[in-house]
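These notes concern the structure reproduced below.
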Amino acid sequence: MMHLKISKIIKGEDVDKTFKSEEATSVSRRDFFKRTASVSAVAAVSILAPGALFADDINIMEHTKWGTTLGDECNYNPYGLPSKYEHNVVRRTSALMSSAGDMHAAISMSPLHELSGIITPNGLHFTRTHNGVAHVDPNKYRLMIHGLVDKPIVLTLEQLKKYPSESRILFLECPSNGAAEWKGPQFNSLQFVKGMMSCSEWTGVRIKTILDELGLKPNARWMLAEGSDGSEMSRTVPVEKVLDDAMIVWAQNGEALRPEQGYPVRLMLPGWEANLCVKWLKRLKFGEEPWYAKEETSKYTVLTASGRSIQHFYANEVNSIITSPCPEKPWTDLKVGDLVEIEGLAWSGHGTITNVDISFDGGKNWREVNLKGLVLPKAWTRFSYMYKYEGKPLLLQSRAVDDSNNVQPTVNQEKEVVGVEGVYHRNAICTWEVNAKGEVNNVQVRS
Amino acid sequence: MFKLDHKSILIGISVVASTALLLTGCLSSPSSTNSSAKAQSNELTGPYAGKLGAIDGGVIYPRENGMYTAYVLNEQSTEGINHGRVPTENELNAWNLDALPDGTGLPEGEGSVEEGDELYEANCASCHGDFGGGGHGYPQLAGGNQDKDENGIVKTLKNQRLEPGMDAPKRTVGTFWPKATTLFTYIRDAMPYAHPKSLSNDENYALTAYILAQNGIKIDGEKMTDEYVLNAEKLAKVVLPNNDGFYPNIDGPEGPANVKAFFADRAKNIGAGVRCMTDCKDPGMEAAGAKEAELVRIDYEMADVVPPYSTVRDLPPESEDVTISKAEKMYNESCKLCHSSDRMGAPAVGDVQAWGSVTKKGFDQVLRNSIDGMGGMPPKGGNDSLTSDEVKSIVEFMIDSSK
């Protein structure tokens with residue numbers, strides 16, 4: 001083995017230790033990010049300093065532990081898990097997302113700041129439950145379809161999966177995504193500002209394929225979808241949507257649905273609020289009149305300033321968010337003149353993203369940026385812009401447009417029509433304040 | 001006008017050239033008569049201009065020429081596909097429990113307000129508070145001012161917390177819920193919270209009666225006293241104060257069409273932006289009477305999140321794996337490669353016979369061989385960093401596992 005004497009070495013491991021001890025005493029998330037930033041800034045300066053100050057990196061100069069020992073056996077973990085080092089890439093929740101801290105009727109948020117591309121790994125998909133996560137025995141699972149059909153049926157899981165499947169990459173978003181921010185910014189975190197959403201490839205059968213054989217009666221206007229969990233989550237769905245693109249899905253990113261996403265079967269209404277995509281699906285009933293289930297009356301209705309409420313508010317509207325930079329991923333390690341990618345996500349339950357604009361001055365001036373990767377209807381769409389960092393304060397915004405000509409509103413435009421007590425379906429433009437140090441804070445431009 | 005603006009961007013006219021058009025777009029009202037006319041016909045604007053929109057106002061993508069948007073389709077016929085079976089009458093009855101606001105589907109049974117009071121105290125009060133008054137973090141069921149304005153709107157639902165300290169609109173059964181049948185079916189199906197579906201229909205009617213009574217609801221003009229007995233017929237007659245507080249109208253044959261018309265005019269009904277590119281003024285801000293938009297920062301940061309925020313990539317704190325001893329771990333790392341089977345000539349762990357002949361030499365000798373090496377085995381199995389004590393614990397583990 002090589003032995004080297006190096007006077008100036010970047011002690012990678014020491015930096016790790018610094019992190020640990022600082023993390024342990026960290027009380028404020030803002031302080032925490034500041035410290036993270038300062039440590040990485042030191043490392044960056046050391047690496048990029050002029051020749052004479054170059055220090056040899058111990059990570060290059062010495063053999064690594066993983067290069068000098070036998071690794072784990074090939075199938076040491078029969079169901080693979082992420083690297084142990086990724087243990088902070090997890091869903092997070094807050095007592096504010098629950099009833100009195102009870103986490104059975106609560107929400108956990110996807111770590112959007114750590115996601116790449118448009119597919120959310122199943123273990124990081126946001127979760128929302130009304131009576132805890134149900135664990136359905138697939139052998140005892142039954143799905144009943146009845147009401148205004150010529151022939152009602154009941155299916156086992158295996159029988160359901162005999163129907164021809166289609167796969168779609170679709171986002172799912174809780175209509176409460178961003179609901180904490182109607183009256184002003186509250187969380188300094190991308191994960192908590194927009195993390196009640198995820199995007200997956202879902203596989204199942206179009207409901208129309210089944211209905212074609214059951215014979216839907218012409219007077220059927222609505223479908224009741226009912227879950228089998230303790231909350232017996234029920235929603236009323238217009239038949240028009242059912243016949244257009246509704247699916248009964250059993251797979252998520254190539255494997256069975258996770259229990260948190262409704263294992264073994266959930267309803268999938270592309271582009272519509274996730275609450276309508278009933279999990280642990282038990283029953284579909286067709287009828288003439290709407291049911292007025294609890295989660296479409298007392299909740300999931302949008303109370304406007306008029307004192308009246310919008311009901312049957314289905315689609316998640318055109319929306320976007322800049323994911324890099326963000327409060328969790330600041331620009332504190334950048335030098336003036338560095339070229340850096342501004343990246344983000346755009347989505348619309350009404351269709352396909354056609355354009356995304358970004359603003360550096362809080363919405364006064366805008367420029368169109370590029371979409372990248374797959375651009376699919378009712379799916380996350382990535383946008384990208386190469387930016388030369390100037391070290392100046394910015395008010396970064398993104399604004400999405402879709403192919404049914406929806407343009408994402410400003411906070412004030414949305415407030416003007418809906419008020420601030422609507423809870424659901426908030427899609428106003430978000431603002432990240434990038435300060436002179438490159439730190440990123442969640443702010444709002446509003447009056 | 002919006003259509004024109006949008007197209008000018010889509011066909012790639014430079015931003016400068018289209019600025020004039022875009023600026024006029026900025027200044028126009030989002031709820032112009034133009035877009036109302038569009039609502040009547042439910043036609044889309046933008047790239048799908050002229051096509052009919054979906055019920056939510058969005059695009060209906062065609063399935064044609066073997067494609068659905070970017071997805072390739074198998075277009076073979078599925079006619080005659082037939083899986084599953086027809087449910088029996090009893091199975092249908094067991095699950096067909098939903099009820100409509102007109103009372104269709106409500107089960108038989110009855111319960112009094114007084115019975116409901118006792119049940120409520122025992123099953124509900126710990127979460128929903130005394131008399132349904134809330135205060136325990138779970139939804140408040142009763143209370144709130146039900147007074148209406150001249151248009152029949154519950155006045156307190158117009159509360160908007162635009163400034164700190166303002167009153168919130170209260171969303172209880174009495175002030176907000178539109179339908180009383182929902183209360184019954186929800187209690188029956190989803191309550192009590194930790195033991196859903198554990199109450200009888202009589203008990204569910206009693207609880208429904210109690211909560212309606214706490215909200216001061218009258219049925220057919222009759223006050224719900226303690227003795228009042230609720231059943232399906234009476235429940236269907238309840239008209240809650242906020243019954244007319246929801247739109248669009250979803251009832252009757254025109255229900256879906258009403259919804260479609262509502263979402264066709266999204267700018268007016270749910271709010272929409274305009275695609276201004278330069279020197280933009282915020283139309284919503286002007287409507288609110290403000291000259292200059294202000295920057296609002298976080299006043300009180302919600303930082304109490306679980307697990308705590310961190311983007312660090314380090315090793316997590318070592319969790320004690322009680323299912324595996326330290327000796328076994330060291331064995332896995334340094335010895336298992338050769339000792340997991342006899343293919344390399346080493347005695348396989350678990351092979352009683354092989355280890356019987358090894359241990360005949362006596363433990364001290366076996367340990368010495370392990371430390372010094374023997375035959376094909378290098379000293380300490382080739383892992384120089386093991387201490388003699390560690391080797392000892394590994395040998396003990398191997399012997400114990402081979403008895």
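Reminder, nothing fancy here: chain letters follow the sequence lines and each chain counts from 1.
Taking CG of Asp56(B) as the start and NE2 of His350(A) as the end, the distance is 4.5 Å to the nearest 0.5 Å. With values rounded to the nearest 0.5 angstrom, Arg171(B) atom CZ is found 12.5 Å from Thr297(A) atom OG1. Between atom NE2 of residue His87(A) and atom CZ of residue Arg313(B) there is a gap of 9.5 Å, rounded to the nearest 0.5 Å. Here the straight-line distance linking atom CG of Asn412(A) with atom NZ of Lys281(B) works out to 14.5 Å at 0.5 Å rounding. In this structure, OG1 on Thr311(B) lies 6.5 Å from NE2 on His113(A), to the nearest 0.5 angstrom. We find the OG1-CD1 distance between Thr304(A) and Ile270(B) to be 12.5 Å, quoted to the nearest 0.5 Å.
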*Apply salt bridge (charged side-chain N to carboxylate O under 4.0 Å, His left out) to Arg266(B) and Glu317(A), showing your working.*
CA-CA 10 Å; Arg266(B) 297 185 295 289; Glu317(A) 303 137 272; over 6 Å; no
*Checking side-chain hydrogen bond (donor to acceptor under 3.5 Å, both in side chains) for the pair Asn188(A)/Tyr309(B): CA distance, chi angles, key distance, verdict?*
CA-CA 10 Å; Asn188(A) 207 31; Tyr309(B) 289 118; over 6 Å; no
*Start with the C-alpha distance between Tyr61(B) and Thr352(A), add both sets of side-chain angles, then the distance that settles side-chain hydrogen bond (donor to acceptor under 3.5 Å, both in side chains), and finish with yes or no.*
CA-CA 10 Å; Tyr61(B) 295 101; Thr352(A) 309; 2.6 Å; yes
_Between Arg283(A) and Asp98(B), does the salt bridge (charged side-chain N to carboxylate O under 4.0 Å, His left out) criterion hold? Intermediate values first, please._
CA-CA 11 Å; Arg283(A) 191 164 70 106; Asp98(B) 53 87; 2.7 Å; yes
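A salt bridge links Arg275(B) with Glu368(A): at least one charged nitrogen is closer than 4.0 Å to a carboxylate oxygen. Salt-bridge annotation for Arg142(A) and Glu91(B): absent, with no side-chain N of the basic residue lying under 4.0 Å from a carboxylate O of the acidic one.
Taking Trp272(A) as the reference, Tyr314(A) meet the ring-ring contact (aromatic ring centres under 6.0 Å, His included) condition, with sequence neighbours excluded. In this structure, the salt bridge (charged side-chain N to carboxylate O under 4.0 Å, His left out) partners of Arg399(A), at least two apart in sequence or on a different chain, are Asp357(A).
Only the side chain of Lys197(B) has a heavy atom closer than 4.5 Å to any heavy atom of chain A. When heavy atoms are compared at a cutoff of 4.5 Å, Asn219(A) does not approach chain B at all. For Val318(A), no part lies under 4.5 angstrom from a heavy atom of chain B. Of the two parts of Phe192(A), only the side chain, counted from C-beta on, holds a non-hydrogen atom closer than 4.5 Å to a non-hydrogen atom of chain B. Residue Asp244(B) touches chain A through its backbone alone, counting heavy-atom pairs closer than 4.5 Å. Using a 4.5 Å cut-off between heavy atoms, Ala305(A) contacts chain B through both its backbone and its side chain. Both the backbone and the side chain of His312(A) come within contact range of chain B, each with at least one heavy atom under 4.5 Å from a heavy atom of that chain. Using a 4.5 Å cut-off between heavy atoms, Ile153(B) touches chain A through its side chain atoms alone. For a residue to count as touching a neighbouring chain, one of its non-hydrogen atoms must lie under 4.5 Å from one of that chain's; by this rule Lys51(B) does not touch chain A. For chain A, no part of Ala194(B) is nearby; none of its heavy atoms comes within less than 4.5 Å. For Gln408(A), the part sitting under 4.5 Å from any heavy atom of chain B is the backbone (N, CA, C, O) and nothing else. If you measure heavy-atom distances from Gln76(B) to chain A, you find no contacts under 4.5 Å at all. When heavy atoms are compared at a cutoff of 4.5 Å, Leu240(B) does not approach chain A at all. At a 4.5 Å heavy-atom cutoff, the contact between Asn96(B) and chain A is made by backbone and side-chain atoms alike. With a 4.5 angstrom heavy-atom cutoff, Arg91(A) touches chain B only via backbone atoms. Of the two parts of His136(B), only the backbone, made up of N, CA, C and O, holds a non-hydrogen atom closer than 4.5 Å to a non-hydrogen atom of chain A. Heavy-atom distances place both the backbone and the side chain of Phe246(B) under 4.5 Å from chain A.
Heavy atoms only, all atoms of each residue included: Ser231(A) and Tyr186(B) are closest at O-CE1, 4.3 Å.
Contact of the Val259(B) side chain with the Pro238(A) side chain is not registered, since no non-hydrogen atoms from C-beta on lie closer than 4.5 Å. Residues Pro139(B) and Lys299(A) form a side-chain contact, since some pair of their non-hydrogen atoms from C-beta on lies under 4.5 Å apart. The shortest side-chain heavy-atom distance between Thr93(A) and Val305(B) does not fall under the 4.5 Å cut-off. Between Gln413(A) and Val274(B) there is a side-chain heavy-atom pair separated by less than 4.5 Å. Considering only heavy atoms from C-beta on, Leu92(B) comes within 4.5 Å of Met144(A) through its side chain. No side-chain heavy atom of Lys183(A) sits under 4.5 Å from any side-chain heavy atom of Pro164(B). Counting heavy atoms from C-beta on, the side chains of Trp366(A) and Thr278(B) never come closer than 4.5 Å.
Per-residue heavy-atom pair counts under 4.5 Å with chain A were compared for Pro248(B), Pro256(B), Gly271(B), and the maximum is reached by Pro256(B). Heavy-atom pairs under 4.5 Å with chain A peak, among Tyr48(B), Trp177(B), Tyr247(B), Phe176(B), at Tyr247(B). Per-residue heavy-atom pair counts under 4.5 Å with chain A were compared for Ala99(B), Cys127(B), Pro307(B), and the maximum is reached by Pro307(B). Interface check for chain A: of the options Ile81(B), Asp189(B), Thr172(B), Thr69(B), the most heavy-atom pairs under 4.5 Å are formed by Ile81(B). Contact tally against chain B (heavy-atom pairs below 4.5 Å) for Ser94(A), Pro290(A), Gly351(A): the top residue is Pro290(A). Interface summary for chain A: among Val296(B), Asp149(B), Leu157(B), the most heavy-atom pairs under 4.5 angstrom belong to Val296(B). For chain A, the option among Asp304(B), Ile60(B), Leu337(B), Asp251(B) with the highest count of heavy-atom pairs below 4.5 Å is Asp251(B).
For Gln160(B) (side chain) and Val420(A) (main-chain N/O), a donor-acceptor pair under 3.5 Å exists by modelled atom type. Side-chain atoms of Glu421(A) come within 3.5 Å of backbone N or O of Arg161(B) as a donor-acceptor pair. Between the Asn405(A) side chain and the Pro47(B) main chain, no donor and acceptor come within less than 3.5 Å of each other. Using modelled atom types, no side-chain atom of Arg85(B) and backbone atom of Val154(A) make a donor-acceptor pair closer than 3.5 Å. A donor-acceptor pair under 3.5 Å is absent between the side-chain atoms of Glu294(B) and the main chain of Val445(A), judged by distance alone.
Ring-plane geometry between Phe263(B) and Phe313(A) is classed as tilted, the angle between the planes lying from 30 to 60 degrees on a 0 to 90 degree scale.
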